[in-house]
Amino acid sequence: MRLVMEKRSETPLWLMVVSPLIAVGLPVLAAIIMFTLLGKDPARALYVYFIDPISDSWGLQEVAVKATPLVLIALGLAVCYRANVWNIGAEGQFLLGAMAGGWLAVITHGSTQGPWLLPAMMMLGALAGACWALIPGVLRTRFGANEILTSLMLVYVAEYLLDYLVRGPWRDPGGFNMPQTVIFEPEAVLPLLMEGGRLNIGTPIMLVMVVAFAILMGRTLKGFEIRLVGEAPRAARFAGFSEKGLVLTVFAISGALAGLAGMLEAAGTVKQLQPGISPGYGFTAIIVAFLGRLNPVGCLVAGIFIAITFIGGENAQIMLRLPLDATRVLQGLLLFFVLACDSLLLYRFRFVREARA
Amino acid sequence: MTLLEAIILTVITASTPLLIAAIGELVVERAGVLNLGVEGMMIIGAAAGIAAAITTGNSWFGVLVAILAGMALSLVFAALVLGLAANQVAAGLALAILGLGLSGVIGAPFVGVQREGIGKIEIPVLSDIPFIGEILFHQDLFVYASVALTAGVWWFLTRTRAGLVLRACGENHAAAHALGYRVLRIRLLAILFGGGCAGLAGAYLSLVYTPFWTSGMTSGRGWIALAIVVFASWLPWRAAVGAYLFGGLTILQLHAQSAGVPLPSQVMAALPYLLTIIVLVVIMRARRGGAAGPACLGTPFVPDR
């Protein structure tokens, strides 16, 4: 008897529905084991992680605020990964977007500007993110340099650039030497959806993007091109699609979305620039993209789920003294199980009797 | 000790972890598997190594635990990419994320604990030779181990039958399978070797280089090791050249900083990452885009019977 894998000709519908549930269920099981090992009551820890964040209106708003950048970045990454382009430097593109948007807010500080300011900041943020993402794109199409390594190296460069700016030229002169810029003027801050709440207009922008990308990927020729280049590059060449052009396009798209997310985070939640502006959104969004099965609507659902664990992790740190890295472990495990479940969809596992030779 | 001697010594210590991790990954890639999780395996080695060393008070036990921890994490990767034929790029990223998280959990109780690093060994008589003696014969064991690893891997890959089979798996797994070689088993062993090397490199960081734990202490060295493998065109001796080139650049940057080069410290700190990009581009340009990587690198293998 031995186990063989056979490629499925068709994936049954029930498996498509069940597999993400398994992928979420198993890490939760692993989390229970980890909590027990760390000497915490698993039932209480799970409650703090998954139920507490969504048990009141404040928590729900907080989840939406956290989910916004995650989903925005993941939408772009999903497009990249669909085309077999491995942009893992979204964190850097996010920071560049925040810096470009923040730059406009800093230089207009103290003067009255019109309603053009926020849209301009958004455009600049998206543009900066796209340009930063185009660097690994061009290096791949022009020189064949591995985009995984170059995009990741640029994350470190972006982190140091931000660090330099907020400690040097853009530092708030009245900020007691703290590494941060001035607090943005009210005009450069995203308007809240309701008075006294936490939600700003970033969340509806994100939802619009989800719809737009669902249409782009599912209903347009460009979306078909992206999927074809990823799944059948030879066929795409015969169809006359330019692979190089497509690599650059998907890099620009994902960079622009990450940059927009960075600008929205700077102008919406943080309201200034500082080195710790991103708690690793760009890396966590990789998990969101895969958990969402590289599908725009899937990314939305996955982003909300991961946002819950983000807030749950922060609460657990305060209430249970669990290290914040426990959340990362949970998210890493999640990605593992998602990938494992993907294989279940593609292959059938069967025991066969060994043929006697 | 002259300044030149001091610089060379620090270059060696900065290059050794890069070389050990790169040699491990080189073997993995030669077998046709792309494991992007070097950073994760390295930092889990660093965390597990120092945790074990502090708990037991024995640094060498810490080194052993670090190697085992790196191998354990690589086993998870192997289960996914060999057992389930999952996407290697995504699985490697998952490994990097998981390793960083786990290392934080393991290392949390040991933050701020100072301990004596593993010292250098002095080879009698030879280490008394001026200049050369201090550099070549007064190093810690890891440095010698890294050189031995490089030589051993070179010998294994080019001079032994097993090495030839391993390369065959990387170049054409279907042909190797048809000849009756167990592709998946060979790849599993290669992945475990890579994990052990990454764990060892991590142990060097937390037990020798900076003998205490800080979270995220590998700071991208695992990724640089991956770049070194590409730089080296998958050849062991060139990996050594690459590791020393990168190690040298990092140290040069530190010395330039202390010598008062009028550049912001952030520019200097970002330099190794920028140089990695530049080196990758230059090397690809020199090869005119035609990568010399193993032909089956990154493609999953599913045996049919």
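Quick caveat, the model's predicted, so the values are computed rather than measured. A note on names: the letters A, B, ... follow the listed sequences, proteins ahead of strands, and every chain is numbered from 1.
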Visitor: Rounded to the nearest 0.5 Å, how far does CG of B/L226 lie from CE of A/M153?
Guide: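 If we round to the nearest 0.5 Å, A/M153:CE and B/L226:CG are 8.0 Å apart.
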
Visitor: Of all residues at least two apart in sequence or in a different chain, which pass the salt bridge (charged side-chain N to carboxylate O under 4.0 Å, His left out) check with A/R140?
Guide: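 So A/R140 forms a salt bridge (charged side-chain N to carboxylate O under 4.0 Å, His left out) with A/E147, A/E243.
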
Visitor: State which residues pass salt bridge (charged side-chain N to carboxylate O under 4.0 Å, His left out) with B/E29; sequence neighbours excluded, sorted by chain then number.
Guide: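 Once residues adjacent in sequence are excluded, B/E29 has no partner under the salt bridge (charged side-chain N to carboxylate O under 4.0 Å, His left out) criterion.
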
Visitor: Return the minimal non-hydrogen interatomic distance between B/E39 and A/Y156, and the atom names on each side.
Guide: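 For B/E39 versus A/Y156, the nearest heavy atoms are OE2-OH, 4.3 Å.
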
Visitor: Any chance you could measure A/L149, atom CG, to B/I277, atom CD1, to the nearest 0.5 Å?
Guide: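 So the gap between those two atoms works out to 9.5 Å.
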
Visitor: Which region of A/Y164, side chain (C-beta onward) or backbone (N, CA, C, O), has a non-hydrogen atom less than 4.5 Å from a non-hydrogen atom of chain B, or is it both or neither?
Guide: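 Its backbone and side chain both get close to chain B.
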
Visitor: Examine whether an atom of A/L161 lies under 4.5 Å from a heavy atom of chain B, and if so say whether it belongs to the side chain, the backbone or both; otherwise answer neither.
Guide: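 It is neither, since no heavy atom gets under 4.5 Å.
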
Visitor: Is A/I135 in contact with chain B via its backbone, its side chain, both, or neither, using a 4.5 Å heavy-atom distance?
Guide: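 When you check distances to chain B, no heavy atom of A/I135 falls under 4.5 Å.
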
Visitor: Is chain B contacted by the side chain of A/L339, its backbone, both, or neither, given a heavy-atom distance below 4.5 Å?
Guide: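 For A/L339, the contact with chain B is made by backbone and side chain together.
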
Visitor: Looking only at heavy atoms, which two atoms of B/L84 and A/A340 are closest? And how far apart?
Guide: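 Reported closest heavy-atom pair: CD1-CB, 3.4 Å.
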
Visitor: With chain A, which of B/L102, B/I224, B/V105 has the greatest number of heavy-atom pairs at distances under 4.5 Å?
Guide: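 Of the options given, most contacts go to B/V105.
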
Visitor: Hey, could you give me the CG/CG distance between A/D342 and B/L80, rounded to the nearest 0.5 Å?
Guide: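 It is 9.5 Å, given to the nearest 0.5 Å.
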
Visitor: Nearest 0.5 Å, what's the CE-CG distance between B/M284 and A/L139?
Guide: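 One finds 11.0 Å between CE of B/M284 and CG of A/L139.
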
Visitor: Calculate, to the nearest 0.5 Å, the distance between atoms OG and CZ belonging to B/S265 and A/R167 respectively.
Guide: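 Reported to 0.5 Å precision, the distance equals 8.0 Å.
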
Visitor: Please find the pair of heavy atoms, one from B/V281 and one from A/A145, that lie closest to each other, and give the distance.
Guide: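 Heavy atoms only, the tightest pair is CG2-CB, 4.2 Å.
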
Visitor: Between A/L334 and chain B, with a heavy-atom cut-off of 4.5 Å, which part of the residue counts as in contact: side chain, backbone, both or neither?
Guide: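 For A/L334, there is no contact with chain B at all, as no heavy atom is under 4.5 Å.
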
Visitor: As an exercise: rank B/A108, B/P264, B/P300 by heavy-atom pairs under 4.5 Å with chain A and give me the winner.
Guide: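 Looking at each of B/A108, B/P264, B/P300 in turn, B/P264 comes out on top.
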
Visitor: Kindly list each side-chain donor-acceptor pair under 3.5 angstrom involving residues 266-276 of chain B, sequence neighbours excluded, with atom names and distances?
Guide:
unit_1	atom_1	unit_2	atom_2	d
B/Q266	NE2	A/D163	OD2	3.0
B/Y273	OH	B/S219	O	2.9
B/T276	OG1	B/P272	O	2.6

Visitor: Hey, what do you get for CG (A/N146) to CG (B/L280), rounding to the nearest 0.5 Å?
Guide: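 If I round to the nearest 0.5 Å, the distance is 7.0 Å.
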
Visitor: In terms of heavy-atom pairs under 4.5 Å with chain A, which of B/S103, B/G83, B/G107 leads?
Guide: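 Heavy-atom pairs under 4.5 Å are most numerous for B/G83.
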
Visitor: What part of A/Y347 is in contact with chain B, defined as an atom under 4.5 angstrom from a non-hydrogen atom: side chain, backbone, both or neither?
Guide: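 For A/Y347, the contact with chain B is made by the side chain alone.
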
Visitor: Between A/L333 and chain B, which part of the residue has a heavy atom less than 4.5 Å away: side chain, backbone, both or neither?
Guide: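 Interface part for A/L333: both.
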
Visitor: Which residues, numbered in order, of residues 85-99 of chain B come under 4.5 angstrom of chain A by heavy-atom distance?
Guide: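 Interface residues of residues 85-99 of chain B: B/A85, B/A86, B/N87, B/V89, B/A90, B/A91, B/L93, B/A94, B/L95, B/I97, B/L98.
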
